[in-house]
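Written out below as structure tokens is the structure these notes cover.
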Number of protein chains: 2
Amino acid sequence: MSDSSERLEVWCAGEEWCPITTTATLVGKKWHPVIVHRLLDGGPSGFNELKDDVDGISSKVLSDSLEDLQEKGLVAREVISEQPFRVHYSLTDRGASLEPVIAAMAEWGAEHLRAPEQ
Amino acid sequence: MSDSSERLEVWCAGEEWCPITTTATLVGKKWHPVIVHRLLDGGPSGFNELKDDVDGISSKVLSDSLEDLQEKGLVAREVISEQPFRVHYSLTDRGASLEPVIAAMAEWGAEHLRAPEQ
DNA sequence: CGGCATCCACATGGATACTG
DNA sequence: CAGTATCCATGTGGATGCCG
């Protein structure tokens, strides 16, 4: 498939320096890709707006997921001091750069959704 | 982002009919994308050959992963009756169709691996 | 060679209720 | 509005050892 000069002997490792595993730790969580997709297509959002759009998620899990996405530098959180106050969730540049990955996932899923078995 | 006629109100649901979640259940497991990548680039393989290439995986986890991939129709398993017998793992057409998804994950990971923080 | 059996640890996700 | 606090069920991965 590849000639000897550029061949990788190890496809991926258990450690973090594997590109695929790196991406999988972001996109492999149950709700993460859905949330990123929502922020990509729907733009910035408040907490409950997000919760309403992402069908089936609970407050706690959305909160946990957003916290994880912030720690990983994919999502930015901004508190707007008003009454009542608002919170603004948006993608960072890094988060937005996941678009090709999310798009590929969405496309594959859409094509194979009609034939889940066989 | 989209006009009113083609807008999706719900980005994804907790149920199985969501395209992204569908893909995430395949590609979101820790070792699945790595195994598929190995089979895409390295061609069909025996069990231990696969285990050697996928650095860090245990027999049990590789076995579990391959079983799951078979159930989902992504991987084919063929037993070759020789002495000693061999087993042949390869991608099905459906498994091979994941190539764009895996490629997108690999590319994103490679680009962002050098800057894991910030 | 190509696994399976066991047992275990930890992470993820979910239900429910409550708060500033 | 935007979460937090508990508590709990399950899943996923890992270590070790044995088997046909």
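FYI, side chains are in, hydrogens and waters are out, and symmetry mates aren't considered; it's all heavy atoms of this structure. Throughout, a chain's letter reflects where its sequence line sits, starting with A, and its residues are numbered from 1. Predicted, not measured: the structure shown is a model, and the values here were computed from it.
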Please name the residue in the list B:Arg77, B:Arg38, B:Gln70 that meets the side chain to side chain donor-acceptor pair (under 3.5 Å) test with B:Tyr89. B:Arg77
For B:Lys29, which contact category applies under a 4.0 Å heavy-atom criterion: base, sugar-phosphate, or nothing? sugar-phosphate
With sugar-phosphate meaning primed atoms plus P, OP1 and OP2, does B:Ser63 contact a base, only sugar-phosphate, or nothing at under 4.0 Å between heavy atoms? sugar-phosphate
Atom-pair distance ([atom1] on [X]; [atom2] on [N]), nearest Å:
X       : N      : atom1 : atom2 : value
B:Glu67 : C:dC4  : CD    : P     : 7 Å
B:Asn48 : D:dC19 : CG    : P     : 19 Å
A:Leu66 : C:dG13 : CG    : C1'   : 15 Å
B:Asp64 : C:dT6  : CG    : P     : 14 Å
A:Gln70 : D:dG3  : CD    : P     : 8 Å
B:Leu26 : D:dT12 : CG    : P     : 12 Å
B:Ile57 : D:dA15 : CD1   : C1'   : 14 Å
A:Lys30 : C:dA11 : NZ    : P     : 19 Å

Judged by each residue's nearest nucleotide on DNA chain C, which is more toward the 5′ side, A:Asp68 or A:Phe85? A:Asp68
For atom CD of A:Glu107, is the number of surrounding heavy atoms from other residues, nucleotides or ligands below 6.0 Å larger than 12? no
Looking at the side chain of B:Trp31, which of D:dG13, D:dT4, C:dC4 is the nearest nucleotide? D:dG13
Which listed nucleotide (D:dT16, D:dA2, C:dG3) is nearest to the side chain of B:Arg77? C:dG3
Under 3.5 Å, side chain of B:Thr23 to main-chain N/O of A:Gly109, donor-acceptor pair present? yes
With under 30° as parallel and over 60° as perpendicular, where do the rings of A:Trp11 and B:His37 fit, or are they tilted in between? perpendicular
Of A:Ile35, A:Leu98, A:Leu40, which is the lone residue that meets side-chain contact (heavy atoms from CB on, under 4.5 Å) with A:Leu91? A:Leu40
For A:Tyr89 and D:dG3, is the shortest distance between a side-chain N/O and OP1 or OP2 below 4.0 Å? yes
Reading DNA chain D from 5' onward, which residue's closest nucleotide shows up sooner: B:Lys60 or A:Glu49? A:Glu49
